[in-house]
Amino acid sequence: MLLTSRFLAVVIFFISVFVVVPWLIEVSGRWDFYYTLTSVALLSIASAGVWLTFYIGRINIGQGAYALAGGYLSAVLVTQYEVSFWLTIPLAGLFCAVLSVLIGLPILRLKGVYFAMITLVLTEVAKLTALALPITNGAKGIVSIPLPGELSIFGLTIIPDFSTLENVKLAFYYLAATLMVICFAGMYRLVNSRMGHLCRSLQQNEELASSIGVNITTLRITAYAISSFLGGVGGSIFVAISQSIYPTSFQVADSINFMLNVFVGGLGYVFGPMLGTVVIYFGWDLLFQTGKFQLLIYSSILILLMLTVPNGLLSLRLFKLNKEKK
């Protein structure tokens, strides 16, 4: 019965994302919603990486640094070396993963607020590095980045050249939504694997996990590398959509928002980052009508949510289901 309900939920989700949403946008004529929903999908991918570091007991406020690094790598490869955009997506992720290993080896030994403060500085360091390096074009950034070209395998076109499409926004929406689905499916599988169970043991008690033979250093580095990989992937696709990138494209505020997405959705749930991103992104936009009180109301609601629903919004759904079963 449980498997059937899960399968049904997955089917409904797929139909909603890939069929119902595009149909509603076409009927309403609100084409700007494609960009909005594409942004939500990309932000949820980056937030999923932050969630994974929380899963091993670390507060990560530096995801913006890896999104910026991945975005710049993609932009440089596409504009200066004429590398296919589709190849730069995994390359950006791998670059950020390797970078995170070098950074993570010394800082992952820290816990709590100490690790959080170090990661908070990373985004500012990435911004200053982008300003200083000649290859990133400094404060001018990289502009006029071409749209993704054709992706073909053995002469068979898998993805057409975006510049030839009538509705580029729809194409980017499908791209971001597909990667979001792949990301969270992979995260769900990871959490329910042996590695996921070991990661949970780190969250509860690292000393005890180490005493029973768990290689906590390797586990922490691996989780942080996967987290940074997702940040790099999200940044590379952002570059393709905006066709430009600047040192300020991802800032400290973005890293904090990635963390908030995880908190609001639910630290204990794989799909928490997705729900949290949707709520925070649309919540902020809806409060735009309140003018100068927008930030005050927004902050108050976030504080209230964390006080009343400390385990995130998904815990409300599970609580209701448990009551129904009883």
Side-chain angles (χ1 to χ4, degrees), residues 45-73 76 90-133 135-136 187 190-191 194-236 247 249-263 267 273:
I45 290 173
S47 298
V50 176
W51 180 87
L52 186 58
T53 53
F54 272 105
Y55 200 66
I56 60 170
R58 295 294 185 275
I59 303 173
N60 182 4
I61 322 177
Q63 191 73 317
Y66 297 108
L68 190 65
Y72 263 111
L73 181 74
V76 168
L91 287 178
L94 289 171
F95 173 74
C96 290
V98 172
L99 190 62
S100 71
V101 170
L102 299 176
I103 296 173
L105 281 171
I107 71 170
L108 279 169
R109 298 178 182 180
L110 302 173
K111 296 181 182 180
V113 68
Y114 304 105
F115 179 81
M117 289 300 99
I118 292 293
T119 56
L120 183 61
V121 172
L122 284 179
T123 305
E124 194 64 24
V125 170
K127 171 187 170 182
L128 295 175
T129 303
L131 282 168
L133 292 177
I135 197 170
T136 60
M187 290 288 288
L190 175 65
V191 167
R194 182 175 180 274
M195 179 182 171
H197 297 313
L198 292 176
C199 286
R200 194 178 300 119
S201 70
L202 292 189
Q203 186 186 74
Q204 295 170 351
N205 192 318
E206 287 191 2
E207 288 73 19
L208 180 59
S210 178
S211 68
I212 59 174
V214 176
N215 191 330
I216 58 175
T217 301
T218 301
L219 206 55
R220 286 188 304 220
I221 291 293
T222 302
Y224 192 50
I226 295 172
S227 167
S228 305
F229 178 91
L230 295 177
V233 167
S236 67
S249 292
F250 290 97
Q251 304 186 60
V252 172
D254 297 300
S255 293
I256 293 173
N257 284 332
F258 291 140
M259 181 185 66
L260 288 176
N261 294 340
V262 175
F263 275 128
L267 288 173

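For this chain, numbers begin at 1 and follow the sequence in order. What you see is a predicted model, and the numbers here were worked out from it, not measured in a lab.
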Can you name the nearest heavy-atom pair linking [X] to [Y], along with the distance?
X	Y	result
Ala92	Gly70	CB-O, 3.5 Å
Ile216	Ala209	CG2-CB, 4.3 Å
Gln203	Phe54	NE2-O, 3.2 Å
Tyr72	Ala130	CE1-CB, 3.5 Å
Cys96	Gly232	SG-CA, 3.6 Å
Val191	Tyr55	CG1-OH, 3.4 Å

Go through the steps for Met259 and Thr119 under the test side-chain contact (heavy atoms from CB on, under 4.5 Å), then give the verdict.
CA-CA 12 Å; Met259 181 185 66; Thr119 56; over 6 Å; no
With no hydrogens and no angle check, do the side chains of His197 and Arg200 hold a donor and an acceptor under 3.5 Å apart?
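A donor-acceptor contact under 3.5 Å links the two side chains.
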Could you walk me through whether Ile221 and Leu108 pass the side-chain contact (heavy atoms from CB on, under 4.5 Å) check?
CA-CA 8 Å; Ile221 291 293; Leu108 279 169; 3.5 Å; yes
Verdict with supporting geometry, Gln63 and Phe250, side-chain contact (heavy atoms from CB on, under 4.5 Å):
CA-CA 9 Å; Gln63 191 73 317; Phe250 290 97; over 6 Å; no
Starting at [atom1] of [X], measure out to [atom2] of [Y] and round the result to the nearest 0.5 Å.
X	Y	atom1	atom2	value
Leu202	Leu219	CG	CG	4.5 Å
Asn60	Tyr66	CG	OH	7.5 Å
Leu68	Lys127	CG	NZ	10.0 Å
Thr136	Leu131	OG1	CG	7.5 Å
Asn257	Ile61	CG	CD1	11.5 Å
Ile56	Leu198	CD1	CG	12.0 Å

Any donor-acceptor pair under 3.5 Å from [X] side chain to [Y] backbone:
X	Y	value
Ser228	Ala97	no
Glu124	Val252	no
Ser47	Val262	no
Thr53	Val50	yes
Thr129	Val125	yes

Hey, could you give me each pair passing salt bridge (charged side-chain N to carboxylate O under 4.0 Å, His left out) that has a residue in residues 47-67? Not counting sequence neighbours.
Arg58-Glu206
Measuring only between side-chain heavy atoms, which start at C-beta, is Ile107 closer than 4.5 Å to Tyr224?
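They are in contact (side-chain heavy atoms under 4.5 Å apart), so the answer is yes.
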Taking the side chain as C-beta and beyond, is there a heavy-atom pair between Leu52 and Leu190 under 4.5 Å?
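With C-beta onward as the side chain, the pair touches.
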